[in-house]
Amino acid sequence: MSRPNAPTPFSRIPLFPLLMVSLLLLVSPLRGASPLPSFSSSVEAAPAQETDHRQTAAAPISKLGEARAELIVRRQRVQAAIDSFHKNTSTAPPPEDLVMELELLKWIDSLYVQRMAADRRIVQLQEEKKKLEDQVGSLPDRSVHASTSTETKSRSFLLLDDWEDQLSAQLDRVQAFQFELQIAQGLLESAREKFDTDEAERRKAREAMELAGQSAKSSALVRQHELAQLKSLAAAEAVQKTIANVTILQLQHEIATLRSKSLQKKVTDLRQTAVFSSQDLQVKIKQVAQVEAALRQELTCVQSQLQNANQRWSQISQKLNSTTAPDHVLVEEAETWKLAYEVTQEKISLLNQVLQEIGLVRVCWRFRYEVANHLVSSEVMRQWGEKAQFARDRFKKFKQLLELHVDGRRGDLAQLQKELIGLDRSAPEQDRVRQWLEQQVAELQQLLTAYDSQLVLIKAADRLVNRFSRELQVELAPSSYSQWLETGQRWFVTCWNYEITSIDDSPITVSKVIRGLLLLLAGYYLARTLSRLLGRRILPRFGLNGSACTAFQTVAFYLMLACAGFVALEIIHLPLTVFTFMGGAVAIGIGFGSQNVLNNFMSGLILLAERPIRIGDLIDIDGLTGTIEHVGARSTRVRTGSNLEIIVPNSKFLENNVTNWTLSDAQIRVSVQVGVAYGSPTSQVSRLLEQVIAAHDKILKYPAAVVLFKEFGDNSLNFEAHFWIHMRTEMEGQIIESEVRHAIDRQFEKEGIVIAFPQRDVHLDMSSPLEINLRKSGPLERAHEEYPSHRSMAAAA
């Protein structure tokens, strides 16, 4: 039995507090109401999700009004609490939580106002979009012209220009809205991240408040939770406001796209029927004349201002130079009149440049009139297209120059405004300085206004020239096979006559380069053909041998090729000075990097002139023996006895010793050596050798062969047989030598004469008995028997 005062089971378990905390953590997100008024409790459960403002744009307006009314009541209550604190305690600041709460309420109120305005704007844009969709949908079913009374106006070419300007502006708006939409979507992502952060803080604050229960900290945690709820509410409203802005930009982008489509249809229909009449041309010429007259009148006025500014600046400068310690007012007055003089000069320069461009505008309108009425040929329109491109380049550079001037003067204006802000307004002596600085600011503002107005004129002129260029492209666009052929021919002629550069006032065109290459190629083939005809057909009839004919053929080829090059240059009227720079570069290259090439080329010319080697000669150079196959300008081709072709630089034949076996004739003396055994009859051996040589049909009878008893050798009596043969190749001489050796062997065998071979005599010393040992051989002895050299090495050791 348990005692009456026994503790409960939970009191004996130390984990009870931990379990209670865990239970509260699981239950607290599902229970509890917000201590804020009703306008915030709805926001706590409202996540930052995108509301479809396009479909329910008007519904939130009334709800936002009610929520704002509640917010105003709470804002007034917080403001009253702060005012009461100030009355009771005038020196100490109000509580920080009240100040923060008031600021959050003001921010939320501002977001409510912005959302209500955005919702109203969305409703207006939706209605406007619906109307435009109806208009665009019904536009193809009705005529372009509204009535008979307006038919003449709608067919005007000037109306077409106005609509095209509107279309261009509308397309620019579409791109601008698309860019703003991308930025707004990025801001929406940032707002959502901020809302997620504030929501996490709110959940943490509520969890801490519920875990505290009725403790002393609960009042402070409740206050923190209220402020966290306000922050979360403000973040949620910021997300909704950003979503509304994104919706507005989407609707504006769609409306601008619909307007551009409507204008595009109107422009397309009107372009088919618009007529550029002479009255339209006169209207535009008159407008240009009026603008030009206004610019000239302004130029006259500015020139008079220039004289006044120059005179005043000179007077102030003299006064400033005569003063040893000028005050700040005098310095600023001098700077003012100096700036006025510079600004007036810039205005005059700007007006003169604009007046120059006005003439292009007038000419462009006349050209447009003639093109629109088909009064000019295609060739003239192509020339006008080039002029239009040139004008576009001029306008582009002029606009860039104006923009640079504007940026510079805006920097000066910012500096002056900074000086104005830094002046002490309480000091009376600074009033005159402020007046001169304000006058300088006014001068710069007038200059910037002038720049802006002239930029508008230049941009309008640029649009006019661009439109004229597009019209020329449309008119010149080929639409049939003949036009395509004409266009291709025109492009070919343009490329054919394109000027690459000019030398001595002589143009170097693509046609000259191509014709020169073709003539040079034809000259190359002609020189090769004529030189071959000279070396193979004509010169041999005059008794020249093959090597001389080849030398003359090579020299003639290069001479005719050089002549062909000069003739080609003369035919295409290309001055030789075009190769001045190239010749210098080639000379430098030859002097530094092409020494070996030039050396071999000059050596080739010397070989062709002196002919120390000729085609067919048998030569020996650096251990290389072969027959000359070809003597070129840079190298010589040698064929060896193994039928290998070796390319030898020509300089090798002049720098090294060369053995030419067939330079003057092909008679070569060769020799065959033979040794007979001791005891052989030497006179008979000599006679037999002479008989063998005389019996061979390829050995020359004159000069006569010579047989020499050369020496008493170690193993034989050595004889040498010298005889002469005609030899064109190395193998030919070796074959004859081999045949002679065969004949000598047969003859000696027949006569019983032994051809000696190496012999060795072994002499034994018999002064003492020979010692003979018989024993079983071990590993070492067997090694000595297998490798006798090891024994001798061991004995030597």
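Only a predicted model underlies this, so the values are computations on that prediction, with no experimental measurement involved.
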*Check step by step if side-chain contact (heavy atoms from CB on, under 4.5 Å) holds for Gln454 and Leu295.*
CA-CA 10 Å; Gln454 304 310 323; Leu295 290 174; 3.9 Å; yes
*Do Ile183 and Phe179 pass the side-chain contact (heavy atoms from CB on, under 4.5 Å) test, and can you show the C-alpha distance, the side-chain angles, and the key distance before you say yes or no?*
CA-CA 7 Å; Ile183 296 176; Phe179 182 70; 3.4 Å; yes
*asked:* Applying salt bridge (Lys or Arg N to Asp or Glu O under 4.0 Å) to Arg192 and Glu189, what does each step give before you reach the verdict?
replied: CA-CA 5 Å; Arg192 284 174 173 168; Glu189 293 297 327; 3.8 Å; yes
*Might you work through the side-chain contact (heavy atoms from CB on, under 4.5 Å) test for Leu360 and Val465, ending with a clear yes or no?*
CA-CA 9 Å; Leu360 289 176; Val465 175; 5.9 Å; no
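Judged as a ring-ring contact (aromatic ring centres under 6.0 Å, His included), the pairs with a partner in residues 283-316 (not counting sequence neighbours) are, in order, Trp313-Tyr341. Within the structure, side-chain hydrogen bond (donor to acceptor under 3.5 Å, both in side chains) contacts touching residues 286-302 (residues at least two apart or in different chains) are Lys284-Gln287, Glu292-Arg296, Glu292-Arg362. Contacts classified as side-chain hydrogen bond (donor to acceptor under 3.5 Å, both in side chains) and involving residues 410-420 (residues at least two apart or in different chains) are given here: Arg409-Asp412. Residues in residues 238-264 take part in no ring-ring contact (aromatic ring centres under 6.0 Å, His included) pair, two or more places apart or across chains.
Between the side chain of Thr247 and the backbone N or O of Ile243 there is at least one donor-acceptor pair closer than 3.5 Å. The closest donor-acceptor contact from the side chain of Ser168 to the backbone of Asp165 lies at 3.5 Å or more, if one exists at all. A donor-acceptor pair under 3.5 Å is absent between the side-chain atoms of Ser349 and the main chain of Gln345, judged by distance alone. At least one donor-acceptor pair under 3.5 Å links the side chain of Thr242 to the backbone N or O of Ala238. Between the side chain of Ser260 and the main chain of Thr257, a donor-acceptor pair closer than 3.5 Å is present.
Atom-to-atom distance recorded for Lys387:NZ and Leu472:CG is 11.5 Å, nearest 0.5 angstrom. Summarising the geometry, atom CD belonging to Gln252 is positioned 10.0 Å from atom CD1 belonging to Ile122; distances are rounded to the nearest 0.5 Å. Rounding to the nearest 0.5 Å gives a distance of 4.5 Å between NE2 of His405 and OH of Tyr451. In this structure, CD1 in Ile285 is found 12.0 Å from OG in Ser278, a value given to the nearest 0.5 Å. If you take CG on Leu258 and CD on Glu128, they are separated by 9.5 Å, rounding to the nearest 0.5 Å. Once rounded to the nearest 0.5 Å, the distance linking CG of Leu339 with OG1 of Thr344 reads 9.0 Å.
Across all their heavy atoms, Ala274 and Phe157 have their closest contact at CB-CA, 4.3 Å. The two atoms that bring Leu420 and Arg434 nearest to each other are CD2-CG, 3.7 Å, heavy atoms only. Of all heavy-atom pairs spanning Ile514 and Trp496, the tightest one is CD1-CZ3, 3.7 Å. Of all non-hydrogen atoms in Leu281 and Trp365, the two that sit nearest each other are CD1-O, 3.6 Å. Across Val239 and Ala191, no two heavy atoms sit closer than the pair CG2-O, 3.4 Å. Closest heavy-atom contact between Ala244 and Ala118: CB-CB, 3.7 Å.
Side-chain atoms of Gln473 and Arg470 form no donor-acceptor pair, as typed in the model, at a separation below 3.5 Å. A donor-acceptor contact closer than 3.5 angstrom links the side chains of Asp280 and Ser277.
Of the residues Val343, Ile348, Leu350, the one that meets the side-chain contact (heavy atoms from CB on, under 4.5 Å) test with Val302 is Ile348. With Asp462 as the fixed residue, the side-chain hydrogen bond (donor to acceptor under 3.5 Å, both in side chains) test singles out one of Lys399, Arg467, Lys396, Arg392: Lys399.
With contacts defined as side-chain heavy-atom distances shorter than 4.5 Å, the pair Glu254/Glu133 does not qualify. Within the 4.5 Å cutoff, the side chain of Arg463 has heavy atoms near those of the Lys459 side chain. Looking at heavy atoms from C-beta onward, Val113 lies in side-chain contact with Arg68 at the 4.5 angstrom threshold. Contact of the Trp436 side chain with the Glu335 side chain is not registered, since no non-hydrogen atoms from C-beta on lie closer than 4.5 Å. Side-chain contact between Leu519 and Val567 is absent, with no heavy atoms from C-beta onward closer than 4.5 Å. Side chains of Lys129 and Leu125 form no contact here, defined as non-hydrogen atoms less than 4.5 Å apart.
A search for side-chain contact (heavy atoms from CB on, under 4.5 Å) contacts involving Gln114 returns Ser110, Lys241, not counting sequence neighbours. For Lys106, the side-chain contact (heavy atoms from CB on, under 4.5 Å) partners at least two apart in sequence or on another chain are Arg75, Leu102, Glu103. Applying the side-chain contact (heavy atoms from CB on, under 4.5 Å) rule to Phe390 yields the partners Arg394; only residues at least two apart in sequence or on another chain are considered. Checked against ring-ring contact (aromatic ring centres under 6.0 Å, His included), Phe367 has the following partners two or more places apart in sequence or in another chain: Trp384. Partners of Trp107 according to the ring-ring contact (aromatic ring centres under 6.0 Å, His included) rule, which considers only residues two or more places apart in sequence or in another chain, do not exist here. Every residue two or more places apart in sequence or in another chain that forms a side-chain contact (heavy atoms from CB on, under 4.5 Å) with Asn308 is listed here: Arg312.
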Can you list, pair by pair, the side-chain donor-acceptor contacts under 3.5 Å of residues 437-446, counting residues two or more places apart and other chains?
residue : atom : partner : partner atom : Å
Gln440  : NE2  : Glu332  : O            : 3.2
Gln440  : NE2  : Glu332  : OE1          : 3.2
Gln440  : NE2  : Thr336  : OG1          : 2.9

Output side-chain donor-acceptor pairs under 3.5 Å for residues 368-375, partner residues at least two apart or in another chain, one line each.
residue : atom : partner : partner atom : Å
Arg368  : NE   : Glu471  : OE1          : 3.2
Arg368  : NE   : Glu471  : OE2          : 3.4
Arg368  : NH1  : Asp161  : OD2          : 2.8
Arg368  : NH2  : Asp161  : OD1          : 3.0
Arg368  : NH2  : Glu471  : OE2          : 2.6
Asn373  : ND2  : Phe276  : O            : 3.0
Asn373  : ND2  : Tyr369  : O            : 2.7

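One finds a salt bridge joining Lys130 and Asp134 here, because a Lys/Arg side-chain nitrogen approaches an Asp/Glu carboxylate oxygen to under 4.0 Å.
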